[in-house]
Chemist: 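Questions regarding the structure given below will be posed in turn.
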Amino acid sequence: MMEKYRKILQKRILLMAIAIISAAMLLLLQVSGFFGADLKSDFSNGMVSGFQSGLLTALIGVFTVFIIRYRMALKDQMKLKLFYNQENDERKKVIKQKSGGNIVIFYSVVIIFAAIIAGYFNTTVFYTLIACVLFQLSVSSLLKFYYLRKY
Amino acid sequence: MKTKIKELRKKHKLSQAELAFEVGTTRQTITSIECEKYTASLVLAYKIASHFGMTIEEVFDFSEVED
């Protein structure tokens, strides 16, 4: 079972590395002005592009930390078991399921990427999508907090 | 649900974290089960009971479970 989990972690490392490279390339294109020089022409556009850069930088940072943690776990059998237990803990799974869990995270990631892309063309769509993500994440967090106290 | 996990842990000189590690769960889950806030699944109940060399009924008290 641990061997299977080891392979899952290796696969995750690979996917995260691809995501980091993609985000870095997008960031580079944005900084170099590939998406148009008028993007920073007013406050709103400046904020959108700033949000996009910030999000991409955060994504790179978070995924890098995860890759380091996963690599450390892969080298240490004890840490690997702890990771496995954390991820497969049934109480956590119940709480996650009741608070929307994976589906909310999946939708949020998809909407954030849609917002980043939409931000290059229309700021109103960008703000609407971000508001939507913030709302669903807030509801999910509140539910998670409630069920963490309940169970 | 009432359980004997706490007494069994003390008898076997096991911490919550150690028991959690052995049965494949987290310390928080063991705490929740001991505090009767969370009811363990059949699989986890079996793992805990077998870890102490007992049956599920000996570790978990089903007397207050409604039909």
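The structure displayed is predicted, hence computed values, not measured ones. In what follows, every chain begins at residue 1, and chains take the letters A, B, ... in the order their sequences are listed. Just the heavy atoms: all of them, side chains too, but no hydrogens, waters or symmetry mates, feed the values below.
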Chemist: Are there more than 12 heavy atoms of other residues, nucleotides or ligands under 6.0 Å from atom CD of B:E36?
Modeler: yes
Chemist: Heavy-atom cut-off 4.5 Å, strictly under: side chain, backbone, both or neither for B:A40 against chain A?
Modeler: both
Chemist: Is it the backbone or the side chain of B:Q28 that comes under 4.5 Å from a heavy atom of chain A, or both, or neither?
Modeler: both
Chemist: Quick one: closest heavy-atom pair of B:T39 and A:E90, and the distance?
Modeler: O-OE2, 4.4 Å
Chemist: Give a yes or no on whether A:F66 atom CZ has more than 12 heavy-atom contacts from other residues, nucleotides or ligands under 6.0 Å away.
Modeler: no
Chemist: Are there more than 12 heavy atoms of other residues, nucleotides or ligands under 6.0 Å from atom CE of A:M72?
Modeler: no
Chemist: Tell me whether the count of non-hydrogen atoms from other residues, nucleotides or ligands lying under 6.0 Å of CE in A:M78 goes above 12.
Modeler: no
Chemist: State the NZ-OG distance between A:K150 and B:S32, to the nearest 0.5 angstrom.
Modeler: 12.5 Å
Chemist: Minimum heavy-atom separation for B:F21 to A:N85, with atom names?
Modeler: O-ND2, 3.5 Å
Chemist: Can you tell me if A:R71 has over 12 outside heavy atoms packed within less than 6.0 Å of its CZ?
Modeler: no
Chemist: Sub-3.5 Å donor-acceptor pair from the side chain of B:K37 to the main-chain atoms of A:R149, do we have one?
Modeler: yes
Chemist: Mark yes when over 12 heavy atoms from residues, nucleotides or ligands other than B:Y46 sit less than 6.0 Å from its OH; otherwise mark no.
Modeler: no
Chemist: Would you say the side chain of A:D89 lies within less than 4.5 Å of the side chain of B:T29, judging by non-hydrogen atoms?
Modeler: yes
Chemist: Which heavy-atom pair separates B:E22 from A:K81 by the least distance, and what is that distance?
Modeler: O-NZ, 4.3 Å
Chemist: In this structure, are over 12 heavy atoms from other groups packed under 6.0 Å from A:F83 atom CZ?
Modeler: yes
Chemist: Is the shortest side-chain heavy-atom distance between B:Y38 and A:R91 below 4.5 Å?
Modeler: yes
